[in-house]
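Scroll down for the structure; my scribbles are underneath it.
All values reported here derive from a predicted model rather than from experimental measurement. All chains are named by letter (A, B, ...) in the order of the sequence lines, taking the proteins before the strands, and each is independently numbered beginning at 1.
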Amino acid sequence: MQPHLKRAIFLLGVVIVGFIFIRSLVVPDSYGQYGAYRGDSVYENRNFTVEYAGSQSCGDENCHKTLYSIWADSRHKTVNCETCHGPSEKHVSNVRIMPSPANDSREFCGKCHYKMVARPSSFPQIDPESHGENLKCAYCHNPHKPWFV
Amino acid sequence: MMVENLIWGYVYPNEAEIQWSVLIVLYPYITGLVAGAFIASSLYHVFGKKEIKPVARFALLTALSFLLVATMPLLTHLGHPERGIEIMFTPHLTSAMSGFGYIYSFYLIVVVLEIWLSFREDIVKTALNSQGWKKLLYSGLALFSYDISEKALHEDEKLAKKLAIIGIPSAAFLHGYVGFIFGGIKANPWWSTPLMPLIFLMSAIVSGIALLILLYIASMKLRKRAIDHKCLHSLAHYLWIFLILDVALELLEIVSMKYESLEDIEIINRLLSDKIAFTFYGVQLTLGILIPFILLLLVGIMKNRETLKMIMISVSSIFVVIGVFAMRWNVVIGGQEISKSLSGTLTYEPVFFSQEGVLPAIIILAIPFVILVVVTRILPPWKDMEEEVPESKPKSTIKHLY
Amino acid sequence: MNISRREFTKIGCRIVIGAAAGATIVESIISNSIAAEPSSTGDYDWNEHYWGYVIDTRKCIGCGRCANACKLENDVPFDEPVYRTWVERYRVLKEGEVKIDSPNGSIDGFTDDIPAEELKKAFYVPKICNHCDNPPCVQVCPVGATYATNDGVVLVDYDYCIGCRYCIQGCPYGARYFNKEKGTADKCTWCYHRITKGLLPACVQACPVGARVFGDLKDPASDVNKLLDKERINVLKPDLGTKPKVYYVGLDREVR
């Protein structure tokens, strides 16, 4: 073979070996641990911060036990505390951090209970124009144990 | 909000923004030009079409200039350009895109070797006949090996031919695979067709030849040299043939989509009649294919009148290059202008100044021409045929005029 | 000499493997003795679970609390049109036309702008990543920055994603979006950080009517299996062969 071709092939070889070498340094160790991805990523995804603590933690440890038991016995028991009160994991882990107060506007209750065509007709809905004289819903209905007129 | 006005019907909430911008239109456009230019050069190197010889080496340099920037629109578009190299380090082999790094590198090596072998004689001669930094540069390019004996050059030529033979399928693969990136997406009815790689390949060859014609004419005019009309007509002839293949495939795709009339036909019809009607029927098919087809047909029929023919060929080539860009646009942008909910469309509004705007696209598209100027300075592609040309130049012009 | 080198390597390997195994055993003993909380991250075994999701469209009231909770739980920007879950409203007009909308992904709720008399029927459909068994987004990722876990959840590796957005193009359901802050693709994780701690996904927990049900497909008594055993189930775009693991009850033909 001609010397210039030998040199070209040598040069190519150097590039390829260099590539393989750099690759071995750069590819993360956990890549390929479980499949064609970085295994550590699974743990990173598991370690994101939880924001919603769950209703159980509200009723636990004599915090909001009474209110919890009222709610747990009501027709609103399918509505978790944080659906209205907002995420409160931070409050659960540190009671000094107060969650923002629940939205008690008519519009907020209306997100579920205003009359909408697309809603299942069996679901309790009101016409905001004619029902309740524009008063706050909590004026008549206890959100933790709603009663139905 | 502004976005609302651009949306018709229902699009999934996450689709409000178009993800693949004008830069991604540019990427298949540029690789297409590369593949086309390379295949044009191999018409001489592999198939021994002697009439193409005047542009054979120039075509290789054109391919290289565009190949060097092919990655730029992609890298500019990435959310994390610094991680782009992962595609080489850990290619995820089920992805059509994962091959990019290796196919691209392989092809780059083939093109560089091919250029090196076909220019080696010139490189060595320049290295031996020059001084200072120039000597160093050319000696470096010659890898400090100066054997240009008859035997060595013959060996080079044989190897160059072998490389060109490897180069054709890899050029076809490089670009056919770009088509597959789109054709393999079952989520998008406008993209998902097995014809896509072939359509991309044919339009690539068409655009590459057209670009080569334009660059050839332009550089001859700039260098005030006579145009080799035989070569030009031969290129025009191949352009015409590949135009036919291209339009056949493009129409086949549309016709079968409309004929089969699947669930997605309503949204496809809306796309074709509303969103991309002008760029598809107007630019891609009429300006980009029909008019050049007729013009080139006339060129083939007409006798003599070389200047007129040259103008017609140039105009056709300009139209083809624009038409193929429109074709890339219609695929990349058009495919994203229909919602995957099949119930709505959205509109892409290009931004000028932004990372993914028109300005970077223009810059990226201009770079290969700069590279080409530089590369042709370092490796003049015309040398071998013009050593005897200067005296005979006026004669040949006259011969062609009458 | 060669043989001795091979022997040496063998012994070396054994020592390394032995030490690693020993460390693992010691570690497992320690963690066993501490293990008091069943929900601690350490003892979650992903081979024991295979998650599934059922959506009962007949129950959904379109309040949008799911989409809202999702954004709060997962730090999804509120001011950008990106959603890990959203609720669509379908309204079939008497003349036959179908109106679909999901203003701000339903987070602000819906307003009745077509009178009931003009409608044939109307309903809500919650949407979420289907965590397909044959996920096209994972297939198309060029670098392996998105993957399906052994417990059947499709996740994104935010430190590895190059941001090419091919997966966004590949998802037939529009479930993926581009996270501009991170410069990567992003999507629903079924709250992987919650479900591996024994919690429910935020959207499931926020749903006031139980339209969203989440559970373990490997557990025959789980809530999802109870529904799957009883109800007539469909999935979205079954013809694409993606094999979604979000199962719908009461899915209308208009829903895509």
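- For a residue to count as touching a neighbouring chain, one of its non-hydrogen atoms must lie under 4.5 Å from one of that chain's; by this rule Ile85(B) does not touch chain A.
- At distances below 3.5 Å, at least one donor-acceptor pair connects side-chain atoms of Ser343(B) with backbone N or O atoms of Ser341(B).
- To the nearest 0.5 Å, atom CD1 of residue Ile378(B) and atom NZ of residue Lys134(B) are 11.0 Å apart.
- Residues Val34(B) and Thr62(B) are not in side-chain contact: their nearest non-hydrogen atoms beyond the backbone lie 4.5 Å or more apart.
- The shortest side-chain heavy-atom distance between Phe100(B) and Leu74(B) falls under the 4.5 Å cut-off.
- Proximity to chain A (any heavy atom under 4.5 Å) is restricted, for Leu159(B), to the side chain, taken from C-beta onward.
- For Ile20(A), no part lies under 4.5 angstrom from a heavy atom of chain B.
- Atom CD1 of residue Ile103(B) and atom CG of residue Leu108(B) lie 13.5 Å apart, to the nearest 0.5 angstrom.
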What are the sub-3.5 Å donor-acceptor pairs between chain B and chain A, distances to 0.1 Å?
{"residue": "Phe89(B)", "atom": "O", "partner": "Arg23(A)", "partner atom": "NE", "Å": "2.6"}
{"residue": "Phe89(B)", "atom": "O", "partner": "Arg23(A)", "partner atom": "NH2", "Å": "2.9"}
{"residue": "Arg120(B)", "atom": "NE", "partner": "His4(A)", "partner atom": "NE2", "Å": "3.2"}
{"residue": "Leu143(B)", "atom": "O", "partner": "Arg7(A)", "partner atom": "NH1", "Å": "2.8"}
{"residue": "Phe144(B)", "atom": "O", "partner": "Arg7(A)", "partner atom": "NH1", "Å": "2.6"}
{"residue": "Ser145(B)", "atom": "OG", "partner": "His4(A)", "partner atom": "N", "Å": "3.4"}
{"residue": "Asp156(B)", "atom": "OD1", "partner": "His4(A)", "partner atom": "NE2", "Å": "2.8"}

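- Rounded to the nearest 0.5 angstrom, Thr345(B) OG1 and Ile7(B) CD1 are separated by 8.5 Å.
- Taking both residues in full, the closest heavy atoms of Phe38(B) and Ala63(B) are given as N-CB, 4.1 Å, listed atom of the first, atom of the second, then distance.
- Rounding to the nearest 0.5 Å gives a distance of 4.0 Å between OG of Ser65(B) and CG of Leu372(B).
- Proximity of Phe123(A) to Cys112(A): side-chain heavy atoms (C-beta onward) are separated by under 4.5 Å at one or more points.
- Applying the 6.0 Å contact sphere to CZ of Phe144(B) captures more than 12 heavy atoms from other residues, nucleotides or ligands.
- Closest heavy-atom contact between Leu346(B) and Ser339(B): CD2-N, 4.4 Å.
- Within residues 164-178 of chain B, no residue approaches chain A closer than 4.5 Å by heavy atoms.
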